[in-house]
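This report refers to the structure that appears directly beneath it.
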Amino acid sequence: MKHKLLFFMAFFLPYFAFAQDNVSVKGSVIGAVSNDPIPGVIVTVTELNRQVRTDADGIFTIRNIQPGKYVIQLNSVMITPKSVSIEVKDLGVTELKPIRVTELNANEDVSMIGIIDAGMVDDDVETSGQDVSSTVILSNDIFLNKAAYQLSPARFSPRGYNSTQEVKYINGVEFNDQNRGVFNYASVGALNDMTRNGDVTNFTAPSSFTFGELGGTENINMRASTYTPGGKLTLSYTNRNYYLRGMFTYSTGLKDNGWAFTASVGGRYSNEGNIDGTFYKNVSFAFSAEKQWLGGKHSLSMVAFVSPVQRGQQGSSYREVYELTGNYLYNPNWGYQNGKKRNAKVVTAFDPTAIISHIWKINDNMTLTTGVGAHYARYGNTALNWYNAPDPRPDYYRYLPSYFDNEATQLRYKELWRTNQTDFTQINWNDLYLANANHIRNGNGAAVYMVEERRSDLLETSFNSTLNARMSRHFDITAGVGARYTQSRQFKTVADLLGAEYVLDIDKFAEQDFSGDPDKIQNDLNRPQRKVYEDGIFGYNYNLNIYSLNAWVVNQYHSRYWDYYYGMKLTYTSFQRDGKMRNGRYPDSSFGRGARHQFTDLMVKGGVTYKFNGRHIINANISYGSDAPLPNEAYVSPRITDRTIDDMKSGRILSADINYIFSTPHLAGRIGVFQTNFYDQMERSSYYDGIEGTFINHVLYGVNRIHRGFELGATYKLDDHWSFDLAGTVGEYYYSNNPDGIKNSENGKIVEKEKVYMKDVYVGGVPQIAGTFGIRYFINYWFLGANLNGFARNYIDAAPLRRLASSYTQVTPYNQYYDAFKQLTTQERFPAAYTLDLSVGKIFYLPGRQSINFNLSLNNVLNKKDICTGGYEQGRFDLEHPERFGGKYYYMQGINCFLNVSYRF
């Protein structure tokens, strides 16, 4: 592997020669009314597809540009987009007059606050939800710009990609964790002002800081010198997961001695959110320092931040429960204890992060950016656990009227649900304490009921170095290397014994099937029959040690009419499980270091652009390569064994798109078509099998999917007051083959390999048709807006258990079960739905550089109770009673309010 990396870098090093060119353009961007400089504005040279950004003084410089006429586009979350024609002189520096733009400070925080995350559907900590982030910074792409804000409540995802295909950087250092492949948005919660600046690369387009990813990349710029000097105080109210938010940020700007400092503190709070039983407690701190010397040739920055949070979660439930209670925001996770609401599912997260980054401007044509980042993530998610006792969850399917065949029993249970008696419809904490007390009185101090905390901790360090070089007027090269180490710790602890004395560390599911084998039931054979007390580790305990190295290069060529790029990336990945317990079901493959899994992957990409002129462009992109499987999905049952599927290999991805981009003085936008083929992917679903009476890990491998569709984004500016936006997509995301699957139970009883019929099943949990139409009106710094949003072709996530090959052999079109079988295997499709969002804002300018920004937004105004934001099929399969086993769902709230006031000075 070392030889491959050395060869790769040596092959491209000869390209890194110095080139000189002395033609450049310098300009500034200021507010039309305030006359204040506007930092962070993206300045794009349309013909060259080159971007620079205004600094803290609103100044930008475009270097090494060929003489001639160009169109530059200005875009930022702070301004109304604007196009300007410029003419570049033959020699020296072309000085532009200050460009005046309309500021949009009032709308800077209009985002969907506290949207329920898709991951909250799962009980398992490995897929538990995080805070949903507001967009760090908008890209120039109008379709992505509009869809990101307006369609996110319906869990819209561009092109159906998941979050593992979107990579986030901070100061040039990668921060998607290596175990699950996602970025932890909770780590920057309530630090909006610190994370507002950055660079975005859409999909696989070339980037200045990374090779690029299928779903796009973002580099959050937290260097102290990039923040506008002065302070900002923000207060917000919303009726979502939390009610109150406060933030204060102050920046010195870049001083004459080359130093710059920025600090921010924030917090979010709700004693109870809009959903019963939820709460939110969060406080955040960030500090950034930067030193520049030799006229800015060198810059060294340090940033540290932390955002600890504790929140009570909402749970998904059955349609039957929502209809019986008449409450589409029903939350099964809470109950009364001593007259107060207590939530059984509480997330506690703590993720301190530090980054050191150095920028070396070697000359006007070459810059080297190097950074090192480290963070420790403490993530815990509590849940109820029980032993030899009835299921304490109020919406357990055996407590629903539809479970019973007797009509009188059905009526009695319907009455209990409809009258909303909380000792029945919610968790009965008093009964749980009473059951443990009775156990103690009978001479047994072991817990019947308890609260456990499932921990998923992470220690990660990352290194990235990127070289940007302009070789000539027409030729650019960007190259980089990266190295990462991750230790992911997975275990669970005793959070609350509910009055009991201890918990016995045995597996209750294994005890049902192997009651005569005392070794099988042990979670740790090294310490059999162990009594575990509060805060002690039990059940499972293992580490995943993950290493990766990568090297990449992208070459770009620019001319008057044609641009093209090509690049490649080589990645080495290694991971290994290190078990801390010898499990009784897998005594030979659970304890100690397991097999090391190693992958070498190559990704190539390219693209071409034809420019009819500065306002009409055709662009095409293609990429192909492989990605190593995520450690989180690679193991069959990682909690209890090191086993993986046989011949585990990297998945492959082929993606292509063609786009027409237009930009006229009044109308701008993009029309595009795309197709992405996924090959040899792995997916793991975990569920409780009520028939087998055990917890199941079901791994599908050799999975193929196709994502294809059409995208449109456009904005029309009628005049200085009126503008109209349109963005929409029609997609088709589906499984294109029948993969193999392996079903493994945690009680050690079931290990089955069987084909799963997934061909032509739609990818669930994301609307495949979605769109928004918006109207904006601006006058005297009043902002008014309305958006009508629609989404359709949204399917529930399919359960592999319902589509096993053996199940198909048991049913024919001629027997009595055929209709029930069709009902159980037909994928549920949610009805089409629409929402209306309204917003109003105002900027009040005060003497000097002071201003007060006010904005109010109301989202989902036309929301209907049957608008579902996601769900999944239950794994159980009963041909006798197919109606009992529908899916679990979330439903969107009614009117969501967000009020924000900020004061700048």
Side-chain angles (χ1 to χ4, degrees), residues 124-128 177-180 348-350 375-383 385 387 446-447 450-461 485-495 497 502-511 514 517-547 574-597 630-644 684 686 695 697 699 744-748:
D124 192 1
V125 65
E126 294 175 355
T127 50
S128 294
D177 86 59
Q178 292 197 102
N179 183 34
R180 295 183 302 139
T348 302
F350 178 69
H375 70 119
Y376 166 75
R378 188 268 191 215
Y379 186 91
N381 186 23
T382 63
N385 198 348
Y387 175 74
M450 60 166 291
V451 177
E452 65 183 22
E453 184 177 30
R454 303 163 184 167
R455 294 280 294 276
S456 183
D457 293 1
L458 194 77
L459 176 62
E460 193 164 60
T461 57
Y485 166 70
T486 300
Q487 183 181 79
S488 176
R489 295 191 59 205
Q490 308 290 324
F491 60 97
K492 66 178 180 179
T493 64
V494 179
L497 287 169
Y502 61 88
V503 61
L504 195 61
D505 194 15
I506 61 175
D507 186 87
K508 62 182 179 182
F509 301 122
E511 189 178 40
F514 304 102
D517 190 337
D519 288 343
K520 283 275 189 181
I521 67 176
Q522 301 300 323
N523 287 325
D524 189 0
L525 283 172
N526 294 335
R527 296 173 293 176
Q529 297 298 114
R530 184 168 63 102
K531 296 179 180 180
V532 185
Y533 304 92
E534 287 197 2
D535 298 326
I537 296 176
F538 78 110
Y540 61 89
N541 183 10
Y542 66 95
N543 295 346
L544 289 173
N545 297 309
I546 311 166
Y547 303 86
S574 168
F575 55 83
Q576 181 182 44
R577 181 185 183 276
D578 184 7
K580 304 301 180 182
M581 291 183 175
R582 189 182 302 278
N583 189 276
R585 276 79 70 204
Y586 295 93
D588 299 325
S589 63
S590 56
F591 183 72
R593 293 182 179 270
R596 181 177 295 278
H597 303 280
L630 289 170
N632 184 59
E633 298 177 351
Y635 294 92
V636 174
S637 288
R639 294 177 177 178
I640 59 175
T641 178
D642 184 59
R643 292 183 63 245
T644 63
R684 189 182 74 200
S686 301
F695 194 76
N697 292 295
V699 176
N744 195 91
S745 65
E746 293 205 350
N747 67 356

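For this chain, numbers begin at 1 and follow the sequence in order. The basis for the numbers below is simple: all heavy atoms, side chains too, and nothing from hydrogens, waters or symmetry mates.
A heavy-atom distance below 4.5 Å is found between the side chains of P631 and N179. Under the 4.5 Å side-chain criterion, counting only non-hydrogen atoms from C-beta, Y387 is in contact with I506. Contact annotation: the side chain of R585 approaches that of N523 to within less than 4.5 Å [non-hydrogen atoms, C-beta and beyond].
When all heavy atoms of A349 and Y379 are compared, the closest pair comes out as CB-CD1, 4.0 Å. Shown here for Y542 and G579, the closest heavy-atom pair between the two residues is CB-CA, 4.0 Å. Closest of all the heavy-atom pairs between N385 and E452 is ND2-OE1, 2.9 Å. Across every non-hydrogen atom of I546 and Q178, the tightest pair is O-NE2, 3.6 Å. Taking both residues in full, the closest heavy atoms of D578 and R593 are given as OD1-N, 3.6 Å, listed atom of the first, atom of the second, then distance. L458 and S488 make their closest contact through CD1-CB, 3.8 Å (heavy atoms, listed as atom of the first residue, atom of the second, distance).
No side-chain donor from either of S574 and Q576 sits under 3.5 Å from a side-chain acceptor of the other. For R180 and N632, the side-chain atoms include no donor-acceptor pair closer than 3.5 Å. Side-chain atoms of Y540 and E746 form no donor-acceptor pair, as typed in the model, at a separation below 3.5 Å. Of the N and O atoms on the side chains of N697 and S686, at least one donor lies less than 3.5 Å from an acceptor on the other residue.
Once rounded to the nearest 0.5 Å, the distance linking CZ of F575 with CG of L630 reads 8.5 Å. Rounded to the nearest 0.5 Å, atoms CG (D642) and NE2 (H597) are 5.5 Å apart. Taken from CG in D457 to CD in Q490, the straight-line distance is 8.0 Å, to the nearest 0.5 Å. Between atom CG of residue N583 and atom CG of residue D588 there is a gap of 11.5 Å, rounded to the nearest 0.5 Å. The CG atom of D507 sits 10.5 Å away from the CZ atom of F538 when rounded to the nearest 0.5 Å. Summarising the geometry, atom CZ belonging to F591 is positioned 11.0 Å from atom CG belonging to L525; distances are rounded to the nearest 0.5 Å.
Checked against ring pair (Phe, Tyr, Trp, His ring centres under 6.0 Å), Y376 has no partners two or more places apart in sequence or in another chain. For R643, the side-chain hydrogen bond (donor to acceptor under 3.5 Å, both in side chains) partners at least two apart in sequence or on another chain are N744.
A salt bridge is absent between D505 and R527; no separation between the charged side-chain nitrogens and carboxylate oxygens falls under 4.0 Å.
When atom types are taken as modelled, the side chain of N545 and the backbone of Q487 share no donor-acceptor pair closer than 3.5 angstrom. Side-chain N or O atoms of R684 include none that pairs as donor or acceptor with a backbone N or O of V699 at under 3.5 Å. With hydrogens and angles disregarded, a donor-acceptor distance shorter than 3.5 Å links the side chain of E534 to the backbone of L497. Of the possible donor and acceptor atoms, one in the side chain of R577 sits under 3.5 Å from a partner among the backbone N and O of P638. A side-chain donor-acceptor contact under 3.5 Å links Q522 to the backbone of Q529.
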- Query: Step by step, would you call K580 with N543 a side-chain contact (heavy atoms from CB on, under 4.5 Å)?
  - Reply: CA-CA 8 Å; K580 304 301 180 182; N543 295 346; 3.5 Å; yes
- Query: Between I640 and Y586, is a side-chain contact (heavy atoms from CB on, under 4.5 Å) present by the stated rule, with each step listed?
  - Reply: CA-CA 7 Å; I640 59 175; Y586 295 93; 3.6 Å; yes
- Mind running side-chain contact (heavy atoms from CB on, under 4.5 Å) on M581 and N526 for me, showing each step along the way? CA-CA 7 Å; M581 291 183 175; N526 294 335; over 6 Å; no
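Ring geometry, Y502 versus Y533: the interplanar angle exceeds 60°, so the pair is classed perpendicular (tilted spans 30 to 60°). Y485 and Y547 have tilted rings, their planes meeting at an angle from 30° to 60° on a 0 to 90° scale.
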